[in-house]
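Since the model is a prediction, treat every value here as computed from it, not as a measurement. Note that these values count all heavy atoms, side chains included, but never hydrogens, waters or copies made by symmetry.
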Amino acid sequence: MKRKITRSFFILCITILSVGCNSSSNFINENYSVSLSEVSIGIIPIQGDLQSFSDSVFTTVYDDSLNRYSIYSLDKIHNNIQSSEDFSEVVNKLVISDFTSEELKQSPNLSSILNPGEIVILKENLGNSNLLLLPVNFNINSKSFYTFGLARFRLFDLNSGTLIYDVSDDFNVNQGGRIGQRNMILFLIANSYSYFEESILVKN
């Protein structure tokens with residue numbers, strides 16, 4: 001219960017600080033139905049100066065006190081990215097890939113980006129998780145008394161390869177500097193959880 005309150009506290013605080021937001025044209029696969037007996041998620045960590053902080057936010061926001069799903073260790077994923085060139089290349093291939101609006105209408109599959117061997121590498125380095133949360137873009141820029149943030153996330157079903165959603169949102173908060181950057185990380189990750197909750201937990 002303590003962690004659940006912490007996540008709610010994050011969301012409340014950042015909502016109060018938010019002074020603007022915009023949701024781009026998002027893709028959510030309405031035809032996807034959850035058919036997983038045990039939900040486990042591998043999250044590709046965000047790199048950069050605030051890596052450690054963003055890891056802690058992911059862990060807190062996505063932690064599930066009700067034991068509805070499990071999260072594969074972000075530390076292990078970090079280590080795998082650094083130690084495995086093959087895994088690093090697969091992640092990069094996923095990040096730089098894109099879909100046209102027509103392709104999204106056809107519900108694209110992971111197999112349209114990766115070959116079977118690369119999918120095996122992906123799964124092995126995510127502890128055989130059955131879901132992959134991929135930050136395709138995560139950009140934060142602080143100017144004067146404001147901080148601007150843009151985040152784009154994709155969620156894949158690693159068993160079927162189905163793209164569950166591809167969502168992008170940008171926000172700004174009325175704080176600058178390090179505090180503004182940290183609050184923006186909190187807000188972007190907490191906002192990403194709402195998509196995950198709606199697409200997976202509500203349906204499962």
Side-chain angles (χ1 to χ4, degrees), residues 7 10-11 14-15 18 21-47 54-55 57-64 66 68-72 74 77 90-114 118-119 122-123 125-140 149-171 184-204:
R7 178 169 62 215
F10 280 165
I11 297 172
I14 305 307
T15 300
S18 175
C21 65
N22 177 54
S23 292
S24 305
S25 132
N26 291 333
F27 167 77
I28 297 177
N29 191 338
E30 300 294 348
N31 296 321
Y32 177 77
S33 58
V34 182
S35 58
L36 306 171
S37 56
E38 292 185 9
V39 177
S40 55
I41 181 170
I43 302 172
I44 300 300
I46 294 165
Q47 307 298 318
S54 64
D55 282 356
V57 174
F58 267 125
T59 301
T60 301
V61 170
Y62 278 82
D63 180 49
D64 182 37
L66 299 178
R68 293 167 294 178
Y69 62 92
S70 60
I71 306 173
Y72 189 61
L74 270 76
I77 296 175
V90 167
V91 171
N92 185 59
K93 193 172 181 179
L94 287 171
V95 169
I96 65 175
S97 65
D98 210 350
F99 303 108
T100 65
S101 57
E102 287 302 314
E103 287 173 331
L104 287 174
K105 290 178 183 177
Q106 301 301 317
S107 300
N109 195 282
L110 195 62
S111 60
S112 65
I113 307 172
L114 305 177
E118 290 171 327
I119 293 175
L122 182 64
K123 289 182 177 180
N125 284 277
L126 295 175
N128 291 313
S129 299
N130 47 39
L131 294 176
L132 163 66
L133 182 68
L134 176 73
V136 178
N137 189 4
F138 199 93
N139 186 40
I140 294 175
L150 168 67
R152 180 181 179 187
F153 288 92
R154 285 180 185 153
L155 185 71
F156 285 97
D157 182 322
L158 291 178
N159 289 342
S160 65
T162 303
L163 175 63
I164 303 170
Y165 58 71
D166 185 334
V167 293
S168 179
D169 296 284
D170 61 84
F171 301 89
M184 181 55 71
I185 289 174
L186 287 170
F187 194 36
L188 292 173
I189 293 176
N191 185 66
S192 77
Y193 177 81
S194 65
Y195 292 108
F196 173 75
E197 184 175 45
E198 184 67 25
S199 297
I200 301 299
L201 303 183
V202 172
K203 291 183 177 181
N204 198 25

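With rounding to the nearest 0.5 angstrom, the CD1 atom of I71 is 6.5 Å from the OG1 atom of T59. Distance check, rounded to the nearest 0.5 Å: CG of L110 to OG of S112 gives 7.5 Å. L186 CG to N191 CG: the interatomic distance, rounded to the nearest 0.5 Å, is 12.5 Å. Rounded to the nearest 0.5 Å, atoms CD1 (I44) and CZ (R154) are 12.5 Å apart. Interatomic distance, F27 CZ to S101 OG, rounded to the nearest 0.5 Å: 11.5 Å.
The backbone N or O of S40 sits less than 3.5 Å from a side-chain atom of N130, completing a donor-acceptor pair. In terms of modelled atom types and a separation under 3.5 Å, the side chain of N29 and the main chain of L163 share a donor-acceptor contact. Judged by distance alone, with hydrogens and angles left aside, the side-chain atoms of N109 form a donor-acceptor pair with the main-chain N or O of S160 at under 3.5 Å.
The shortest side-chain heavy-atom distance between L155 and I41 falls under the 4.5 Å cut-off. Under the 4.5 Å side-chain criterion, counting only non-hydrogen atoms from C-beta, I28 is in contact with S199. The side-chain heavy atoms of L94 and L132, taken from C-beta on, include a pair separated by under 4.5 Å. Annotation: side chain of L131 is in contact with side chain of V39 (closest heavy-atom distance under 4.5 Å). Using a 4.5 Å cut-off on side-chain heavy atoms (C-beta onward), I164 and I200 make contact. Side-chain atoms of F138 and I189, non-hydrogen and from C-beta on, do get closer than 4.5 Å to each other. The shortest side-chain heavy-atom distance between N125 and I77 does not fall under the 4.5 Å cut-off. Residues S192 and L188 fail the side-chain proximity criterion, which asks for heavy atoms closer than 4.5 Å.
The heavy-atom pair separating Y193 from R68 by the smallest distance is OH-NH2, 3.7 Å. The minimum heavy-atom distance between I119 and S111, with the atom names listed, is CD1-CA, 4.3 Å. Between D98 and R152, the shortest heavy-atom distance links the atoms OD1-NH2, 3.1 Å. The shortest non-hydrogen separation linking K93 to L114 is CD-CD2, 3.8 Å. Heavy-atom minimum distance, I43 versus L74: O-CG, 4.3 Å. Closest non-hydrogen pair, K123 versus N159, comes out as NZ-CA, 4.3 Å.
In E198, the CD atom is not crowded: 12 or fewer heavy atoms of neighbouring residues, nucleotides or ligands sit closer than 6.0 Å.
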### Query
Going through the checks in order, is the side chain to side chain contact (heavy atoms under 4.5 Å, CB included) test met by Y195 and D166?
CA-CA 10 Å; Y195 292 108; D166 185 334; over 6 Å; no
### From CA spacing to verdict: side chain to side chain contact (heavy atoms under 4.5 Å, CB included), L150, S168
CA-CA 7 Å; L150 168 67; S168 179; 3.6 Å; yes
### Task
Begin with the C-alpha distance, continue with both residues' side-chain angles, and end with the deciding distance and a verdict on side chain to side chain contact (heavy atoms under 4.5 Å, CB included) for F99 and I113.
CA-CA 10 Å; F99 303 108; I113 307 172; 3.5 Å; yes
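Between F196 and the options F58, F153, Y62, a ring-ring contact (aromatic ring centres under 6.0 Å, His included) holds for only Y62.
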